[in-house]
**Student:** 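Sharing a structure with you now.
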Protein chains: 2
Amino acid sequence: MFNKETEYALRGLVYIQLQNTNGRRPGIVEIAKEIEAPQFYTAKILQRMVKLGLVSSLKGKGGGFYFEEGKKDIPLEELIMQTEGNKTLTGCGFGLKQCDCENPCPLHEQYAPIREAINKLVSTETIQSLAKRYTLKSKTLL
Amino acid sequence: MFNKETEYALRGLVYIQLQNTNGRRPGIVEIAKEIEAPQFYTAKILQRMVKLGLVSSLKGKGGGFYFEEGKKDIPLEELIMQTEGNKTLTGCGFGLKQCDCENPCPLHEQYAPIREAINKLVSTETIQSLAKRYTLKSKTLL
DNA sequence: TTACTAAAAGACCTTTTTATCTTTTAGTAA
DNA sequence: TTACTAAAAGATAAAAAGGTCTTTTAGTAA
Ligand code: FES
Ligand code: FES
C-alpha cells in the first residue's frame, strides 16, 4: 500500500505519540527498535518530519521526539503527501497521466470509489487517533 | 496504485485484446507507441507475460501478440500477482509483517474493507472485460 | 563549566525499479 | 530458398528507493 518511508514515519510518529501520553520523549534508538525499522534510516525520516513541523525534537540529555502541547492532530494525509506526493491519493489506477472523470479509463468506475474510501480514511484518521486506538487495545506495535 | 511494470502490462494486454477483436495482431513497436510506454521495457514485460502463458506471440512476418482462441479471460489479479506479488493485495496497511485479524493494527478496521474492495475489483475484472468497456465507449488508451 | 547525551547533517553505499540497446533466433510470405 | 520481419534474449545502465555510518552541533544535568 504505502512505501517504506511512509510506513516508518507512520509507525514512528504513532510510537512517539504513545510515549508522550506516558510522559516520555523517546529517542531514535528506542523508536527504531520498537517499531522494528532501520535505525539510521528512521532517524533521517523523523528528522525530515521535524523540519516539516509535523513533530518536534529536543537535543541533549533527556531529549528525544515529542508533539508540542496543544498542537492539533495530524491527519495521515498530511504525512503521505510529504512522503509520496499525491499520486497515491489522486492517480489513475490504469496508469493514465491523470484521472479524468470526463474521459475515464476502463477501471475508473470501479476504482474511483475505492480511491475515495482511501482518501476518506487518511483525512479522517490521525497519528493521534491511531495512537489512542493502541492505548485502548494495549497491543504491541509489531 | 500499481507499479510501472503492472501498468504497462495491463495497458499492453488490453491493447492487444482490443486489436485482436479487430482481427489484428499488434507488434511491440505499435503497442508501446499506442499505450505511451517505453518500447524495450514494454517488450521485456510482454515477453515475460508470454513465458507465463498469459498471452501468446508469433514471430516473423505478420507476427505479433495475441490471445489464443478459446482462452479463458484473465483476471487482473493473475497479472498483479506476477508483477508485484501478493503484498499489494494482502499486506497490512500499517506495514506490519502481516495482517492478522486476531491482532490487528490501528488501521486494520478501516483499511481491511478497502483492501477487500480492491481484491474484489481485481478478481472480477479481466483484461477482456476492460477491453470490452473500451470498445463500448470507443475511447483512446491515454 | 564540564561531561555527557541525543539529535542534525551529510557523505556514502546497496538494492530495486525502470529503461535502453544490440544480437540472435524463429517464423512468414513470396 | 531467399528476403524479410518480428519476437527472444540478454547485456548494460540510469534513476529512485532504501539503508548505513561518521562527524558535528546543540542542549541538559550535575
Ligand atoms: S481515469 Fe483511470 S481511475 Fe479515473
Ligand atoms: S493488521 Fe494492519 S491492516 Fe490488518
Side-chain angles (χ1 to χ4, degrees), chain A residues 1-13 15-16 19-20 24-68 80 82-85 87-88 95, chain B residues 1-13 15-16 19-20 24-68 80 82-85 87-88 95:
Chain A
M1 187 60 184
F2 302 120
N3 60 28
K4 293 289 179 190
E5 192 179 342
T6 307
E7 283 182 5
Y8 296 155
L10 184 55
R11 303 222 297 278
L13 293 177
Y15 181 78
I16 292 167
Q19 291 306 313
N20 283 183
R24 300 186 59 250
R25 266 198 297 265
I28 188 60
V29 177
E30 172 187 338
I31 295 170
K33 186 174 282 180
E34 289 299 320
I35 69 173
E36 284 201 19
Q39 174 180 331
F40 295 107
Y41 191 32
T42 308
K44 184 180 284 183
I45 294 168
L46 286 182
Q47 278 159 24
R48 208 180 137 227
M49 295 300 131
V50 170
K51 262 194 189 151
L52 290 168
L54 293 192
V55 68
S56 306
S57 69
L58 215 58
K59 287 185 181 183
K61 208 164 192 170
F65 293 86
Y66 67 100
F67 290 99
E68 214 90 46
I80 293 165
Q82 296 297 343
T83 51
E84 39 194 282
K87 210 210 148 200
T88 311
Chain B
M1 185 63 183
F2 303 120
N3 61 27
K4 293 289 179 190
E5 192 179 342
T6 307
E7 283 182 5
Y8 297 155
L10 184 55
R11 304 223 296 279
L13 293 176
Y15 181 78
I16 292 166
Q19 292 305 312
N20 283 184
R24 300 186 60 249
R25 267 199 297 263
I28 188 59
V29 177
E30 171 187 339
I31 296 170
K33 186 174 283 180
E34 288 299 319
I35 68 173
E36 285 201 16
Q39 174 179 333
F40 295 108
Y41 191 33
T42 308
K44 184 178 284 184
I45 294 168
L46 287 182
Q47 279 159 25
R48 210 180 135 225
M49 296 299 132
V50 171
K51 262 196 188 149
L52 290 169
L54 293 192
V55 68
S56 306
S57 70
L58 216 59
K59 288 185 182 184
K61 209 166 191 170
F65 293 86
Y66 66 100
F67 291 97
E68 214 91 47
I80 292 165
Q82 295 297 344
T83 51
E84 39 194 283
K87 210 210 149 201
T88 311

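In what follows, every heavy atom counts, from backbone to side chain, and hydrogens, waters and symmetry copies are set aside.
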**Student:** Please report the shortest heavy-atom distance between A:E7 and A:F2, naming the atom on each side.
**Tutor:** OE2-O, 3.7 Å
**Student:** Can you confirm whether B:Q19 sits close enough to B:F65 that some side-chain heavy atom of one is under 4.5 Å from a side-chain heavy atom of the other?
**Tutor:** no
**Student:** Write down the distance between CD1 (A:I45) and P (C:dA8), rounded to a whole number of angstrom.
**Tutor:** 14 Å
**Student:** Write down the protein N/O and nucleotide N/O pairs, taken from nucleotides 20-22 of chain C, whose separation is under 3.5 Å; answer none if there are no such pairs.
**Tutor:**
| from | atom 1 | to | atom 2 | distance (Å) |
| --- | --- | --- | --- | --- |
| C:dT20 | O4 | B:K44 | NZ | 3.2 |

**Student:** In whole Å, I'd like the distance from the CG atom of A:L46 to the P atom of C:dA9.
**Tutor:** 14 Å
**Student:** Identify each donor-acceptor pair in which a side-chain atom of residues 40-57 of chain B lies under 3.5 Å from a protein atom, sequence neighbours left out, and give them as a table.
**Tutor:**
| from | atom 1 | to | atom 2 | distance (Å) |
| --- | --- | --- | --- | --- |
| B:T42 | OG1 | B:P38 | O | 2.6 |
| B:R48 | NH1 | B:E5 | OE2 | 2.6 |
| B:R48 | NH2 | B:Q82 | O | 2.8 |
| B:S56 | OG | B:E68 | OE1 | 2.9 |

**Student:** Would you tell me if any nitrogen or oxygen in the side chain of B:S57 comes within less than 4.0 Å of OP1 or OP2 on D:dA6?
**Tutor:** no
**Student:** Of all residues at least two apart in sequence or in a different chain, which pass the side-chain hydrogen bond (donor to acceptor under 3.5 Å, both in side chains) check with B:E84?
**Tutor:** B:T6, B:T88
**Student:** Does a nitrogen or oxygen in the side chain of A:Y8 sit under 4.0 Å from OP1 or OP2 of D:dG19?
**Tutor:** yes
**Student:** Distance check needed: C:dA19 C1' versus B:N3 CG, whole Å only.
**Tutor:** 14 Å
**Student:** How long is the line joining CD of B:E5 and C1' of D:dA16, in whole Å?
**Tutor:** 16 Å
**Student:** Between atom CG of A:N3 and atom OG1 of A:T83, what is the distance when rounded to the nearest 0.5 Å?
**Tutor:** 5.5 Å
**Student:** To the nearest Å, give me how far apart CD1 (A:I28) and P (D:dC21) are.
**Tutor:** 15 Å
**Student:** How close do B:P26 and B:R24 get, counting heavy atoms only, and between which atoms?
**Tutor:** CD-O, 3.6 Å
**Student:** Check nucleotides 25-30 of chain D for protein N or O atoms closer than 3.5 Å to its own N or O atoms and list the pairs.
**Tutor:**
| from | atom 1 | to | atom 2 | distance (Å) |
| --- | --- | --- | --- | --- |
| D:dT25 | O2 | A:K59 | NZ | 3.3 |
| D:dA26 | O4' | A:K59 | NZ | 3.1 |
| D:dT28 | O4' | A:K61 | O | 3.4 |
| D:dT28 | O3' | A:K61 | O | 3.4 |

**Student:** Take atom CE of A:M49 and atom C1' of C:dA7, then tell me their distance rounded to the nearest Å.
**Tutor:** 16 Å
**Student:** In Å, rounded to the nearest 0.5 Å, how long is the span from CD of A:E30 to CD1 of A:I16?
**Tutor:** 10.0 Å
**Student:** Can you see which heavy atom on B:F67 is nearest to which on B:N20, and at what distance?
**Tutor:** N-OD1, 2.8 Å
**Student:** Quick one: does any side-chain atom of A:R25 pair with a main-chain N or O of A:L58 as donor and acceptor, under 3.5 Å?
**Tutor:** no
**Student:** Working to the nearest 0.5 Å, report the span between CE of A:M1 and CE of B:M1.
**Tutor:** 6.5 Å
**Student:** Please report, rounded to the nearest Å, how far the C1' atom of C:dT17 is from the CZ atom of B:F2.
**Tutor:** 17 Å
**Student:** CD1 of B:I31 versus P of D:dA6: gap in Å, rounded?
**Tutor:** 12 Å
**Student:** Identify all stems in which DNA chain D takes part, counting only runs of at least 3 consecutive pairs (Watson-Crick or G-U wobble, each distance under 3.5 Å), and give each as one range with another, ordered by first number.
**Tutor:** C:1-30 with D:1-30
